[in-house]
> 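Let me begin by handing over the structure; questions about it come next.
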Protein chains: 2
Amino acid sequence: MDPHLLRTFVAVARSASFSTAARELGYTQSAVSQQIAALEADLGVPLLRRRPVTPTDAGQRLLEHATPILLRLDAARADIRRVSGAPPAHLRAGASPLADTGGLTEALVAVRRAMPRVSAGLSVLGRDAVVTGVARGELDVGLVDGVTAPSDPLRLVEVGTLSTAVVSTGPLVVALPASHPLASRTALRLGDLADAGWIDAPDAAIPLGQLRAVARGDGFRAGFRYDGAERSVLLALVAAGAGLALLPGSVVRDRPDLAAVPLAAPALTHRTELVHGSLTEPAAALTALLSTAGRRTGPGTTTA
Amino acid sequence: MDPHLLRTFVAVARSASFSTAARELGYTQSAVSQQIAALEADLGVPLLRRRPVTPTDAGQRLLEHATPILLRLDAARADIRRVSGAPPAHLRAGASPLADTGGLTEALVAVRRAMPRVSAGLSVLGRDAVVTGVARGELDVGLVDGVTAPSDPLRLVEVGTLSTAVVSTGPLVVALPASHPLASRTALRLGDLADAGWIDAPDAAIPLGQLRAVARGDGFRAGFRYDGAERSVLLALVAAGAGLALLPGSVVRDRPDLAAVPLAAPALTHRTELVHGSLTEPAAALTALLSTAGRRTGPGTTTA
DNA sequence: CTGGTTCCATTAGCGATACTGATCGGGTGG
DNA sequence: CCACCCGATCAGTATCGCTAATGGAACCAG
């Protein structure tokens, strides 16, 4: 179970082709074939059906493990690189689309003022991509948002020794067209809306999957899917009656054709958390500027 | 970052000796020396100080990653073995000392009656050992107990694709000597007891570390440590005034020299959860007998 | 100070490993 | 039925990773 073999196994399974994977990885087709054979010999089970190339049950299981293992190996590398070597001259931040970046932008600018030689960058990415980016060392800090009960931590992808700190929390609102029968309510219960028509907009609103996980209720069926991250487009969809959307209260500006009704029950808040590994020098300056609320640390970790 | 190298690195760091680790692993000392050198060359950093053998900062970081990575690799192996190959003729269960094994013992016996050819076994282990044992495939099912807010899952060691199900929940009680001033109370708030003298008995009572993590309060200092798992000894210690202990209500039998006062706040319950990977045939029979309450599944997993 | 001991590093040599390039064979589509 | 695509297999070779032997530093006893 050499990581090398795992990596090519993942590539083969993803591309459903030995030869394509070989080209991707810079091997010959023969090498890939032998690597897969070695893996199968080691585990004593066929992992792939050939022609067409499809994972077997065992292969599927291995795939589910391989990605996190490879991620964790990268994370270890990145972690070690951070503690050794000179402090880097850049500061790369990542944020999920709905994260509260208010403090971050200011802090980034402030760090650049204090350390003019460091270049700064900010990328907006999916929630998981932010966390894995930080783990891999491609980002120095990440800002991730999500929905939880007020006292619970966000449920992030587990990658080991990352620290988190709460940056801000706020209410959630249901966005409805102004003409909707519930638009005049002052508060809404989620249970009443399980059967409403929702827009599934993973990048522009709270993803319905996350909602189902937290609310434990089933339902929340998507009648419409929006794959962009543009908030104004999403709100236009809501106004046009494509469905409802759950959003952090802070992002819904007053619009005449929309109503934004606070969520009353269950008690859920929108929260953005700061994620980072052991801090490089510029990143430490940044987090110092951001750390207002109480610090918290991932399981099995201590904050320096 | 071959797992092979990681494994010997962990062994060397643990034993603080190249030669001892070599003997443990069945290598020559030379091989171990070369493996460590290879790892250091790969990462570009010294991982160990020699004479005496001590991890450097980078080595320490690597150690924190290596154990979970190796565990996860073992878990992948075990997972694959479970889906392939004949159903095993044994059923190995593990349970943490305070887990509610009431239903389990009956279920084990029932499975043996239904499938006379399977041999059954039960091991009482530490909480983490139960979870890692299940992950590694050394156990087919595990019963783990812990303390949480009523609607929260137990915070288990993260090893990937394990499923969990609630088996039972119950109240928590504070065990006090009968002569204690608070012994006559009908309920106690944990906040009032942060500064009391506690007995830290990780195997015989709720570990104070878990208590601190869940209650978010600091304090709960240990005035006395008991490393056994014998409940009667712990209760005798409490009666003798060595300190307080937090226990699941169900395990404190009436004793004249003891009081067991329910915990009123914060709202915490004692819960035992069933942990398992994909189920072998006998294990499936067992869990079917145990699954009364609602099923729940770990992040990133689906229950079959 | 000296000889012995312990421990890790280094080197030489050898067997195993893992790659490339070429070839084979089966399945597919024109 | 032929051409082609794709994965398996084989031969050959370079590299890797092990053992065995040796080297050198630190430590200890006398």
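Letters go in sequence order (proteins before strands), and every chain restarts at 1.
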> Without decimals, in angstroms, what is the distance between B:Tyr27 OH and C:dC8 C1'?
18 Å

> To the nearest angstrom, how far is A:Arg49 atom CZ from D:dA8 atom C1'?
18 Å

> Checking B:Glu40 side chain against B:Leu48 main chain: does a donor-acceptor pair fall under 3.5 Å?
yes

> In whole Å, I'd like the distance from the CG atom of A:Leu39 to the C1' atom of D:dA8.
17 Å

> Rounded to the nearest Å, what distance is computed from the CG atom of residue A:Leu48 to the C1' atom of nucleotide D:dG7?
11 Å

> For C:dC19 and A:Gln35 - does any side-chain N or O of the residue sit under 4.0 Å from the phosphate oxygens OP1/OP2?
yes

> Quick check: do A:Leu125 and A:Glu138 have side-chain heavy atoms less than 4.5 Å from each other?
no

> On a heavy-atom basis, which atom in B:Val10 and which in B:Ala66 lie closest, and how many Å separate them?
CG2-CB, 3.6 Å

> From C:dC8, D:dA8, C:dG21, pick the nucleotide closest to the side chain of B:Ser19?
C:dC8

> Would you indicate, yes or no, if C:dA9 has its OP1 or OP2 atom less than 4.0 angstrom from a side-chain nitrogen or oxygen of B:Ser33?
yes

> Which listed nucleotide (C:dC8, D:dC18, D:dT9) is nearest to the side chain of B:Arg50?
C:dC8

> Could you go through nucleotides 22-29 of chain C and list every protein N or O atom that sits under 3.5 Å from one of its N or O atoms, giving the distance for each pair?
none

> Could you give the CG-to-P distance, from A:Leu47 to D:dG7, as a whole number of Å?
15 Å

> A:Asp2 has an atom CG; how far is it from atom P of C:dT17, in whole Å?
13 Å

> Is a donor on one side and an acceptor on the other found under 3.5 Å between the side chain of B:Thr67 and the backbone of B:Glu64?
no

> Tell me whether B:Arg136 at atom CZ has more than 12 heavy atoms from other residues, nucleotides or ligands lying less than 6.0 Å away.
yes

> How many Å lie between CD1 on B:Ile36 and C1' on C:dA9, as a whole number?
13 Å

> Taking only the side-chain heavy atoms of B:Phe18 (C-beta and beyond), determine which of D:dC18, D:dG7, C:dC8 contains the nearest atom.
C:dC8

> Tell me the interatomic distance from B:Leu25, atom CG, to D:dG17, atom P, rounded to whole angstroms.
16 Å

> Can B:Leu162 and B:Leu156 be said to form a side chain to side chain contact (heavy atoms under 4.5 Å, CB included), step by step?
CA-CA 10 Å; B:Leu162 295 182; B:Leu156 304 177; over 6 Å; no

> Name the nucleic acid region contacted by A:Val53, choosing base, sugar-phosphate or nothing; use a 4.0 angstrom heavy-atom cut-off, strictly under.
sugar-phosphate

> What I want to check is whether the side chains of A:Ser30 and A:Gln34 have a donor and an acceptor closer together than 3.5 Å.
yes

